[in-house]
Amino acid sequence: MLDVQLLRSDLHAVARRLADRGYAFPVSEFEKLEAARKAVQTETQELQARRNQRSKQVGQMKARKEDASHLMAEVNAQADRLQALEQELEAVQVKLNEFLLDVPNVPHASVPAGKSSDDNPEVRKVGMPRAFDFPVKDHVDIGEGLGLLDFATASKLAGARFSVLKGEVARLHRAIAQFMLDLHTREHGYTEVYVPYLVTGECANGVSSLAKFKDELFKIDGRDLYLIPTAEYPVTNFVRDEIVALEKLPLKFVCHTPCFRSEAGSYGKDTRGMIRQHQFDKVELVQIVAPQRSYEVLEELTGHAEAILKKLELPYRTVTLCTGDMGFAAAKTYDIEVWLPGQNAYREISSCSNFESFQARRMQARFRNEKSKTELVHTLNGSGLAVGRTLIAILENYQRRDGGVDVPVALRPYMGGASVIARS
């Protein structure tokens, strides 16, 4: 949630920056709410001053043994009005908070202006795509050719946008997640956590706008519970309504979960294979930090996600999302895109974002600073990485002429030493 003081100090500048990300900030609606708030506060202040003056006069008259009943009646009436004004102010504040909950974050000054992914500047490119001396297949043809990737059975079980993995491909999927967890905990200093796959509406609204994005979530019928679209939802909420001691920051968590997304509005996109599914696994990185370090940490966290691809020797590039391609809550985001030979394109495998205090304000997640005053934390997260898309990248980049797949060296200890997934 935006800091309302930011809007009060420079409303039109904020509105222009939000327009860069395609959001038309309703200036007149905000001004109307602010006018109502100011009117109530002004009347309250004037009435409090008048009541204090009358109370002083009552005291003076009583000291002179004069009749002050008419002033006392006025003071009592003012007390009743002040109570009514307090309720009016609370009602205005509720409306203002509800208004702010639907406003996206303001892009950081370093975020380039743009309208779509076509305007995302490349930060770096690592590794060269492999030159194949045989016709390249995509992951669907590779997996089905091995008899280890089964979309027909998945469709029979749950409909479209699901998959069944079998044998060594299922083992490879498990190995990828284990490898990621081990690297992030042993080398990058994250604490592994295991969390519920369901969260309440309050948790969902703490990291994003439930009102705006509830159609993208799977809801449990008759319960205030939603299947998580990413481990960001439960893990970031660890600090909801908490005041974290300064010496405990940064908090660094890594979590492997299945993720569930309804993909509302995405039908017709990436319908082939495992690129866009209702259920997929992801290893998520979350950091809770002091504000002055958050952009340094964004670079660090992005590097942790990139380290997976480097060790797996998969070509990738990193781009900065422009204003028109950013997520609702992010102040700045890097996308990491892995090379997929079957599509002859780079495709997203991780998004790493700094949300600054946007999520923390929604969750009231704070820390006690050096002066022992409470201050909002900054929150960051990123995929480290999406397990299914990593599997796709391995199948396509390590495919063999004979239909098999070479196992990346880094994963062989997790595959019982196997170097190849062979065609049976």
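Here the structure is a predicted model, which means the values were calculated and not measured.
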Under the criterion ring-ring contact (aromatic ring centres under 6.0 Å, His included), I'd like the reasoning laid out for Phe238 against Phe253: C-alpha separation, chi angles, the key distance, then a yes or no.
CA-CA 10 Å; Phe238 283 3; Phe253 301 111; 5.1 Å; yes
As a quick check of understanding, evaluate side chain to side chain contact (heavy atoms under 4.5 Å, CB included) for Lys311 and Phe179, giving each step before the final call. CA-CA 10 Å; Lys311 288 187 178 293; Phe179 164 69; 3.8 Å; yes
Handout entry: salt bridge (charged side-chain N to carboxylate O under 4.0 Å, His left out) between Glu396 and Lys137, worked out
Key = CA-CA 7 Å; Glu396 295 194 5; Lys137 298 177 181 177; over 6 Å; no
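- Annotation for Ser262 and Leu217: closest pair OG-N, 4.0 Å, computed over non-hydrogen atoms.
- Listed here is the closest heavy atom pair of Asp133 and Arg401: O-NH2, 2.8 Å.
- For Tyr226 and Tyr197, the distance between ring centers is not under 6.0 angstrom.
- Taking the side chain as every heavy atom from C-beta outward, Thr323 and Pro112 never approach each other to under 4.5 Å.
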- Query: Can you check salt bridge (charged side-chain N to carboxylate O under 4.0 Å, His left out) on Glu296 and Arg293, steps first, answer last?
  - Reply: CA-CA 5 Å; Glu296 173 191 344; Arg293 287 202 63 232; 3.2 Å; yes
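- Considering all non-hydrogen atoms of both residues, Ile394 and Pro408 come closest at CG2-CD, 3.8 Å.
- Contact record, Cys322 with Ser116: SG-O, 3.2 Å, taken as the closest heavy-atom pair.
- Around CD of Glu86, the count of heavy atoms belonging to other residues, nucleotides or ligands within 6.0 Å does not exceed 12.
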Exercise for the section: Show the numbers, then the answer: is there a side chain to side chain contact (heavy atoms under 4.5 Å, CB included) between Val199 and Asn237? Expected result: CA-CA 10 Å; Val199 293; Asn237 272 278; over 6 Å; no
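- Between His378 and Phe355, the distance separating the two ring centers is not shorter than 6.0 angstrom.
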Under the criterion side chain to side chain contact (heavy atoms under 4.5 Å, CB included), I'd like the reasoning laid out for Asp182 against Tyr414: C-alpha separation, chi angles, the key distance, then a yes or no.
CA-CA 11 Å; Asp182 285 349; Tyr414 298 88; 2.8 Å; yes
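- The side-chain contact (heavy atoms from CB on, under 4.5 Å) test with Tyr190 is passed by exactly one of Leu301, Leu183, Val283: Leu301.
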### Task
Check step by step if side chain to side chain contact (heavy atoms under 4.5 Å, CB included) holds for Thr318 and Asp335.
CA-CA 6 Å; Thr318 300; Asp335 265 13; over 6 Å; no
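- Minimum interatomic distance between Arg240 and Met363 (heavy atoms only, all atoms of both residues): CG-O, 3.4 Å.
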